[in-house]
Amino acid sequence: MNIFEEYKKKLITIIKKAEKDKLLILPENLNSVNVDSTPPKIDFDISTNVSMVLAKPNNKSPNDLAKVLIELLKKEDKHIDEISFAKPGFINIKFNKNYWNNFANKIISSSHNYGSSGKDKKKYLVEFVSANPTGPLHVGHCRGAILGDVISNLLQFNQNIVEREYYVNDHGNQISHFNYSVYLRIREKLYDEKFPLDNPDLYPGDYLKDIANSIIKNNKDTNFQNFKDIENHLKKLSITESLNLIKQNLIDLGIKHDNFVSETNLVNDKEVEKVIEKLKESKHVYTGKIKAPEGEDNSKWTEREQLLFKSTDFGDDKDRALQKSDLTWTYFASDVAYHNTKVNRNFDKLINILGADHAGYIKRITSVVEAISGEKNKLSCKVSQLVKLIKDGKPFKMSKRKGDYITVEDLIEQVGKDATRFIMLSRSNDVELDFDFSKVKEKSKDNPLYYVQYCYARICSVFRNIKLNIKDELKIKNQIYNYTNDELKILKKASEWPRCVEIASNKLEPHRIPVYLYELSSEFHSYWNKGKDDVDKRFIDKNNKISDDKLALLKVVSIIIKLGMKILGVNTPEKM
RNA sequence: GCGCUUGUAGCUCAACUGGAUAGAGCGCCUGACUUCGGAUCAGGAGGUUCUGGGUUCGACUCCUAGCAGGCGCACCA
């Protein structure tokens, strides 16, 4: 139930009828006709730009046109309390009490899906995290993880089918280095050999000691003397160990993937060859040379013939290599194979969440998906920007190589899952995020999460006082309310919720949800405090009774906060 | 050099997918606790939306040319 959308439909019906009656001339399409909420300072409920849009084709000023339209609307719509023209050409409408009664009742009766649009349902695959299985997640991964999870939640809230997937890069050189590092940690433990900390290819982090210990403990019969003999076996063990660390991190963050897809399996199943054959047939793959980038040091550049994907056909600046000089596949090649399996699984839309340092990768992978599927915009990529960690007012640098970074475990332990999620989500994903560790920890009162949770807790406290359970369905016999202007202000905000969800979902911008919830909470807190001076504005009267008007209002606000926080994956405690 | 991305109040960020006088938080100044929970509220100061052009009835938003920061640029993933 989106009141703006409903009104737009109504409006268009009315003006189309007026066209038939030769009262108006309509332009070819009415796409630019909008029905919006009014800015807060304007004391109306909704506004439309229709008279500005129609001004030109009718050769009239918006003002003159508005006079005609206002008369039409007054005649056709019984819910209008007040309607007027405002410069530069808006028509503002205020609804009558009856309208808002119906509105409140509708929200209460549709409490589980208020704001869920359910139109244009699709089947989505969301790939996110996909961090190399070489160790636990760090704070940087965390933002993308939460982003992917909440985008999935949003799409599910709008009744789409969503699969969450993790692509496990368990194949290339980095994994081999990682595996060898685990091996050396095992030798360190078993044969008392020092780990070579100066080798930049190796992973020195302390967690490898834990992995090594665990492998030793669980494989007592294995002889670790010769690396070559056990390399492949050990690789499996190492990957399983580090994936378990990652999975635990994800659980701590409240995230659960449906599938983990292994790169090694794709390679072993010859999926890469299959897709390359397919792309050769469509002339998107050829053998050729790539030029060195200009302006960079290319003294080490050796031009050579190699298998290339023609991504320049799709607007990329150069074609991309599929095969390394040793004739093994590049990361890109197996990712092409992976995306081919995605396309074959018949999803309507694919979504990838990438880290900021992989943004340059987007063009080639969307190109490949277009080449395979023949569909433009089949795959959309979202980049999660860096998280700048700040500790005691100073930037805190991380290095995965040095094993010197804040883990998700630290983060959750110190800040908490809910605060982490809420803060990381409250900024647009393509803006860098300052995450001040000490601030979030110490001054938790300044945290916007608590502002929203507190709003919910206050509502719960009223329910407790009148011996009602917030979780129960609200039963009001006589569903007629008499809201004051202060209360209507909150309902007006509540009416914007479906639009917030719709935009957040269409643009894949979940930060709109926490921003909205904060605003809604703000309206509520403001009203609450008016009760200090004005007894009529308190929810509970002297006799510990509550009016139906106020009870319904509380229920409406609580419903939206609950739904919103659920999308964010954040709790709404009844007491704080 | 090329590509992507960001630039809004002192700081951190929003801005309803082109709308009205650009809004919050923090910080600064002033005020409200015997309360349905002060983790809250009311008010004040604070702006050339990086710059120049363009499209539009209308631009923070779109186009274009710059400026500044970030990320990336074969045989890593």
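The sequence lines fix the lettering, A, B, ..., with proteins before strands; numbering per chain opens at 1.
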*Hunt down the Watson-Crick or G-U wobble partner of B/G3, both distances under 3.5 Å, from any strand shown, or write none.*
B/C71
*Worked check of salt bridge (charged side-chain N to carboxylate O under 4.0 Å, His left out) between A/Glu509 and A/Arg512*: CA-CA 6 Å; A/Glu509 289 181 354; A/Arg512 290 164 189 274; 2.8 Å; yes
*Using the P atom as the reference point in each nucleotide, state the distance between B/U5 and B/A22 in Å, no decimals.*
28 Å
*asked:* Between C1' on B/C16 and NZ on A/Lys493, what's the gap in Å once rounded to a whole number?
replied: 9 Å
*Taking CD1 from A/Ile490 and C1' from B/C41, how many angstroms apart are they, rounded to a whole number?*
13 Å
*Quick one: do the A/Asp319 and A/Thr312 side chains pair a donor with an acceptor below 3.5 Å?*
yes
*Please confirm whether any donor atom in the side chain of A/Ser47 sits under 3.5 Å from an acceptor in the base of B/A20, or the reverse.*
yes
*From the options B/U40, B/C57, B/C36, select the nucleotide whose nearest atom is closest to the side chain of A/Met52.*
B/C57
*In Å, rounded to the nearest 0.5 Å, how long is the span from CG of A/Leu308 to NE2 of A/His284?*
14.5 Å
_Does either side chain, that of A/Ser334 or that of A/Glu263, offer a donor lying less than 3.5 Å from an acceptor on the other one?_
yes
_ring-ring contact (aromatic ring centres under 6.0 Å, His included), paired with A/His525, selected from A/Tyr518, A/Tyr456, A/Tyr451_ = A/Tyr451
_Regarding A/Ser61, tell me which of base, sugar-phosphate or nothing describes its non-hydrogen contacts under 4.0 Å with the strands shown._
nothing
*Using a 4.0 Å heavy-atom cut-off across all strands, classify A/Ile466 as base, sugar-phosphate, or nothing.*
nothing
*Determine the contact category for A/Asn429: base if any of its heavy atoms lies under 4.0 Å from a base atom, sugar-phosphate if only primed atoms, P, OP1 or OP2 are that close, otherwise nothing.*
nothing
_If we count only N and O atoms by modelled type, under 3.5 Å, do the side chains of A/Lys342 and A/Asn352 hold a donor and an acceptor together?_
yes
*Polar contact flag, side-chain donor to acceptor under 3.5 angstrom, A/Asn429-A/Ser384*: no
*Given the P atoms of B/G43 and B/G7, what is the spacing between them in whole Å?*
30 Å
*With both distances under 3.5 Å as the test, what is the Watson-Crick or G-U wobble partner of B/A15?*
none
*asked:* Between P on B/C13 and CZ on A/Arg512, what's the gap in Å once rounded to a whole number?
replied: 17 Å
*Mind checking the P distance from B/C11 to B/U30? Whole angstroms is fine.*
23 Å
*Is the closest basic N to carboxylate O distance between A/Glu5 and A/Lys119 below 4.0 Å?*
yes
*Could you check how far CE of A/Met576 sits from C1' of B/U40, rounded to whole Å?*
11 Å
*Determine the interatomic distance between C1' on B/A65 and the same-named atom on B/G72; round to the nearest Å.*
24 Å
*Proximal nucleotide (of B/C16, B/C36, B/A20) relative to the A/Ala86 side chain*: B/A20
_Pairwise P distance for B/A42 and B/G25, with rounding to whole Å_ = 8 Å
*Please measure how far the P atom in B/G23 lies from the corresponding atom in B/A15, and state the result in whole Å.*
14 Å
*So what does A/Ser526 touch, heavy atoms closer than 4.0 Å: a base, only the sugar-phosphate, or nothing?*
sugar-phosphate
*Residues in salt bridge (Lys or Arg N to Asp or Glu O under 4.0 Å) with A/Lys67, at least two apart?*
A/Asp64
*What integer number of Å spans the P atoms of B/C16 and B/C33?*
39 Å
*Say you draw a straight line from OG1 of A/Thr328 to CG of A/Asn173; how long is it, rounded to the nearest 0.5 Å?*
7.5 Å
*Which residue lies toward the 5' end of RNA chain B, A/Ser521 or A/Arg458, if each is placed at its nearest nucleotide?*
A/Arg458
_Expressed as a whole number of angstroms, how long is the span from A/Ile42:CD1 to B/G23:C1'?_
14 Å
*How would you label the contact of A/Ala457 with the nucleic acid (heavy atoms, under 4.0 Å): base, sugar-phosphate, or nothing?*
base
*Any strand is fair game: report the nucleotide pairing with B/A9 by Watson-Crick or G-U wobble, both distances under 3.5 Å, or none.*
none
_Rounded to whole Å, how long is the line connecting atom CZ of A/Phe539 with atom C1' of B/C41?_
14 Å
*Classify every nucleotide of nucleotides 71-77 of chain B by which part a protein heavy atom approaches to under 4.0 Å, writing B for the base, S for the sugar-phosphate alone and - for neither, in 5'-to-3' order.*
SSBBBBB
*asked:* According to a cutoff of under 5.5 Å between the ring centres and under 30° between the ring planes, does A/Phe90 stack with the base of B/A20?
replied: yes
_Quiz question: going by heavy-atom distance under 3.5 Å, is there a donor-acceptor pair between the base of B/A32 and the side chain of A/Lys532?_
yes
*Now, which nucleotide makes the Watson-Crick or G-U wobble pair with B/U61, with each of the two distances under 3.5 Å?*
none
_Rounding to an integer number of angstrom, what distance separates B/A20 and B/C4 when you compare their P atoms?_
30 Å
*Between A/Pro39 and A/Glu502, who's closer to the 5' end of RNA chain B by nearest nucleotide?*
A/Glu502
_Below the 4.0 Å mark, does B/C57 have OP1 or OP2 next to a side-chain nitrogen or oxygen of A/Lys56?_
yes
*Heavy-atom protein contacts under 4.0 Å, nucleotides 6-12 of chain B, coded B base, S sugar-phosphate only, - none*: S-----S
*Between A/Glu496 and A/Lys493, is there a salt bridge with N-O shorter than 4.0 Å?*
yes
*Over how many whole Å does the gap from A/Ile423 atom CD1 to B/C13 atom P extend?*
13 Å
*Please state how far atom CD1 in A/Ile365 lies from atom C1' in B/C4, giving the value in whole angstrom units.*
16 Å
*Do A/Lys122 and A/Asp120 meet the salt-bridge criterion of a basic N to acidic O distance under 4.0 Å?*
yes
*Identify the nucleotide, in any strand shown, that forms a Watson-Crick or G-U wobble pair with B/A45, with both distances under 3.5 Å; if there is none, say none.*
none
